[in-house]
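Structure first, commentary second.
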2 protein chains.
Amino acid sequence: MAIQAHESTERRQPDDPRERILSAAGCEFAERGYDAATIRDICAAAAVNIAAVNYYFGDKRRLYIESVKHAHESRVRQVPLPEWDSSVPAERRLHDFVDNMLERMLGLGQPPWQVRLMMREVLQPTEACRELVEDYIRPHFAVLVAILDDLAGGRLTQPELRRVALSIIGQCFLYRAAGDVVGMLVPADEIERLHTPPRLAEHVTRYALAALGRAAPLTGGGAGVSSQDVVA
Amino acid sequence: MAIQAHESTERRQPDDPRERILSAAGCEFAERGYDAATIRDICAAAAVNIAAVNYYFGDKRRLYIESVKHAHESRVRQVPLPEWDSSVPAERRLHDFVDNMLERMLGLGQPPWQVRLMMREVLQPTEACRELVEDYIRPHFAVLVAILDDLAGGRLTQPELRRVALSIIGQCFLYRAAGDVVGMLVPADEIERLHTPPRLAEHVTRYALAALGRAAPLTGGGAGVSSQDVVA
DNA sequence: GTTTGATTCAAACAGTCGATTGAAACAGCT
DNA sequence: AGCTGTTTCAATCGACTGTTTGAATCAAAC
């Protein structure tokens, strides 16, 4: 099982100016969005002259598109799709998948800029989005759908599986996209104790397994919501 | 049961210049975000001179905060919290709540600017967010938690209920916040048939009821995922 | 050393933006 | 009508932005 090998540091400064600009731009766009990120800031961070953007990329828009492309391509390269030994039960696979997704979205302080930039693009799609979907998102989606198909024992149609998959993704996505609001809604001590990737993964997985009849309902008929049994 | 009385038109042009600016600003901010929305465009749309923003609001930032405040206050005024007769089963209440949330987020062409602006604020919180949460979001959240508490028969703790509520909200939220990407992932005919508010409400509700042991699992033990039985 | 294309640079450009200003116009009151 | 506060206006300001420009510098090849 290959999961989340090693996250590269936020932004190593490449030698090549073009790469340096891409990296700096990725960070700025991830942090501030397209409109608020400025060429001057990007060039300062990349230690290049402002004309370099025109020279290497043509214009700001092109630079943005290339940054998004660079982000998902490097993610695909560095972080392969999760794979499991054939003996690993589907329950476990689902848990791992969800855990991995939550770690990526919420993990350790702050996700790398590539992930943050992709999230922005998902929320406000540009022409860069289609390729991001095909190159990065769809393969992950297919893995999740396959796991759910196993869990459902072939009893759900593809459309049904896709909707269940989207339900799972939606649950994880909320904490990332609206995390500040969640933080205002829920008591702080509860955020600290229960809103960590592992704990949320537990909940999201258990919710799914219960809904699919692969675990007892959340309300009982077993050890309760916090039980580790289903994934042990 | 009071649900979604009548949605006001997108933007009636008020008489009072201050109201006209607020309304125009709300639309612009909702459509383009804070950075890309300009005072000049707002003033043109409101048929006022550009100095009016300084006169009535002080600066752009203040105008934004007031727009968000105006949005949630008018929503609270116009669209009261859902209420049900005490004889209405919790299953039905949950379905209605989810349906209502999805209609608001995805409904008929395009939600009113107030909803769109609030969504933006949720995704990129400013100092306006806390009041939005307290005035608008929290009351709705409390309704949902209460419904879930009924469904769970008092067997889940408050933290557990809140997590289930967030799971439901996350599912609805995804279609709004990342609808374009969902549209790229899922076949077009499936989007058309199954990704309407009523159909999605059905799915989200059924998923929750199954997870809570208040309906058969999605995989069977009854009529299947598309059944209307649980809400009939 | 010369040539050629690539790369980098400082300065400049044109446009846009939020904010300001002093005056004009308006509205209400005496 | 005069006074006073409110509202609106056109012009302007200063800062910022993406983009361009012509020249200087660099690097590789001969």
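These numbers come from the heavy atoms of this one structure, side chains and all, not from hydrogens, waters or symmetry mates. This one's a predicted model, so the numbers in the text were calculated from it and none came from an experiment.
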Does B/D189 pair with B/R193 as a salt bridge, N-O distance under 4.0 Å? yes
Between A/E202 and A/R206, does any NZ, NE, NH1 or NH2 come within less than 4.0 Å of an OD or OE carboxylate oxygen? no
Hey, what do you get for CZ (A/F173) to CE (A/M119), rounding to the nearest 0.5 Å? 4.5 Å
Atom pairs under 3.5 Å, N or O on each side, protein against nucleotides 5-7 of chain C: can you list them with distances?
from: C/dT7; atom 1: OP2; to: A/Y55; atom 2: OH; distance (Å): 2.4
from: C/dT7; atom 1: O5'; to: A/Y55; atom 2: OH; distance (Å): 3.3

Specify the closest pair of heavy atoms between B/A37 and B/R32, including all atoms of both residues, with the distance to one decimal. N-CB, 4.2 Å
Do A/K60 and A/Y34 make a side-chain contact, defined as non-hydrogen atoms from C-beta onward lying under 4.5 Å apart? yes
Protein within reach of the bases, or only the backbone? For nucleotides 9-21 of chain C, mark each nucleotide 5' to 3' as B, S or -, using heavy atoms under 4.0 Å. BB-B----BBBBB
Side-chain ion pair, A/E66 and A/R62, N-O less than 4.0 Å: yes
Are any of the side-chain nitrogens in A/R93 or A/D150 under 4.0 Å away from the carboxylate oxygens of its partner? yes
Given atom CZ of A/R62 and atom P of D/dT19, what is their separation to the nearest angstrom? 13 Å
How close or far is atom P of C/dT8 from atom CZ of A/R18, stated in whole angstroms? 12 Å
Does either side chain, that of A/E127 or that of A/Y64, offer a donor lying less than 3.5 Å from an acceptor on the other one? no
